[in-house]
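Below: one structure, written as structure tokens.
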Amino acid sequence: MNILVLNCGSSSIKYQLFDMRDQSVLAKGLVHRVGMSGSKIDHKKAGQSDKTVIQTEILDHKDGIKKILDLLTGEKTGVLKSLDQIDAVGHRIVHGGEKFAASVLIDENVLRAIRDCIVFAPLHNPPNLKGVEAVTEIMPKVRQVGVFDTAFHQTMKPKAFLYGLPYRFYEKDGIRRYGFHGTSHRFVSRRAAELLKKPYEKMKIITVHLGNGCSIAAIDQGVSVDTSMGHTPLEGLVMGTRCGDIDPAISLYLMKKYELSVQEVDNLLNKHSGVLGISQESNDLRDLEEGWPKRSERANLALEVYAYRIRKYIGAYIATLNGCDALVFTAGVGENSPIVRGIVCKDMEFLGIEIDLQKNEVTWRGAEGDISTPNARVRTLVVPTNEELVIAQDTMEIVGSKTGKGKGKV
Ligand code: AMP
């Protein structure tokens, strides 16, 4: 079974084509600047050393997807004889609100429910939907599955997802913690259990996803019980450009003092804060780590704040879980930064976290590893995330199921 995975952003489309017989990637790529000037496609077939770069006008998402399909079936760039060889398409959908607690086969009801969630993710759900609509037009017979960033966290109890606000805002407006990166937290926590050869359903796991966006999740017996991102992906950890937790009164104060509009505060907190805001140097941890700890005081400070927030959440989630069997680092920073992992895990022996500094140094992107000392009570692991593979696996499971129906509640 061949499954195409699509991740449609506002101006980009990421894609991977999987052969699910061995879960291998046949081809993958990225469409840049959809609907803008200077658009292009980076495309790579399995086994090809360099990517093919195609500079071409891409009018909209439908045009982008058409061009991806042309590349997948093209004489030089292709890996398929015809589009009939695509058995199903899996889509990343950012927000499923309270309507989806698992991945689902997309039909008219599901589409309506995803549209209802646009209020929660006005920048993300519309392009996700455009991807679904484009595939429906181009390949009307192909079944499509939606995999939601929020679904894994739908198991949180009200005590974890409610804010201390008047209850009517939850009832009427759906204001609550939803959590994001669910596909990644689900994948790496399961993988950690496999690596440790322990039953997933009996483990207490804390997963730390540190990429462009950062979030941490507490997973008890295979279900998410708490996570740091909230109503939006702005809450929680300090990120590249996002502030994470702040006193909510700060926004009001800044609006008043500097006469900032809602849009300006939104930009400030989402795009100019985090480690970029503190360091005033870069949002990329690679830059801040270059020459560390001698690079600059501000770079050091940004790294310290970044790591300290992670430590606080780990402590909180150990309390939530009443213990922890595995602490899992993943995504760009989590997989690649011994410096961040080192600062986060320093002086945590009381909580059972102790890492071997040598093992911590020698992990590299794409590698899995246990970096804890032999006697540590908590196993600290590095597990590369693979959200596209999860989307492909869910898609295969759902289109292959007898009912043909998804598992989400619509
Ligand atoms: P992701 O969203 O998972 O692709 O992660 C992207 C982020 O990972 C970038 O913003 C970088 O800051 C970070 N990153 C990638 N490679 C490294 C590295 N070698 N060391 C530290 N951070 C890295």
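Note that ligands are numbered from 1 as they come in the structure, with each ligand's atoms numbered from 1 the same way.
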Option with minimal heavy-atom separation from atom 19 (N) of ligand 1, where the choices are Ile339, Val340, Asn336, Leu288:
Asn336
Numbered atoms and elements of ligand 1 in range of Glu289, under 4.0 angstrom, heavy atoms:
20 (N), 21 (C)
Using a strict 4.0 Å cut-off to heavy atoms of Ala331, name the atoms of ligand 1 that fall inside it.
3 (O)
Evaluate Gly211 for polar contact with ligand 1, using N/O atom pairs at a separation under 3.5 Å.
no
A cation-pi test, strictly: NZ or CZ of Arg176 under 6.0 Å from the centre of the six-membered ring of Tyr170 and no more than 45 degrees from its axis. Yes or no?
no
Looking at ligand 1, does any of its N/O atoms fall within less than 3.5 Å of an N/O of Asp284?
yes
Strictly below 4.0 Å, N to O, side chains only: are Lys62 and Asp60 in salt-bridge contact?
no
Do the side chains of Val328 and Val208 get nearer than 4.5 Å, heavy atoms only?
no
Sub-4.5 Å side-chain heavy-atom contact between Val25 and Leu17:
no
Is any side-chain heavy atom of Ser184 less than 4.5 Å from a side-chain heavy atom of Phe152?
no
Look at the aromatic rings of His231 and Tyr178 and report parallel, tilted or perpendicular, splitting at 30° and 60°.
tilted
Min N/O separation Asn212 to ligand 1 under 3.5 Å:
yes
Leu210 N/O to ligand 1 N/O under 3.5 Å:
no
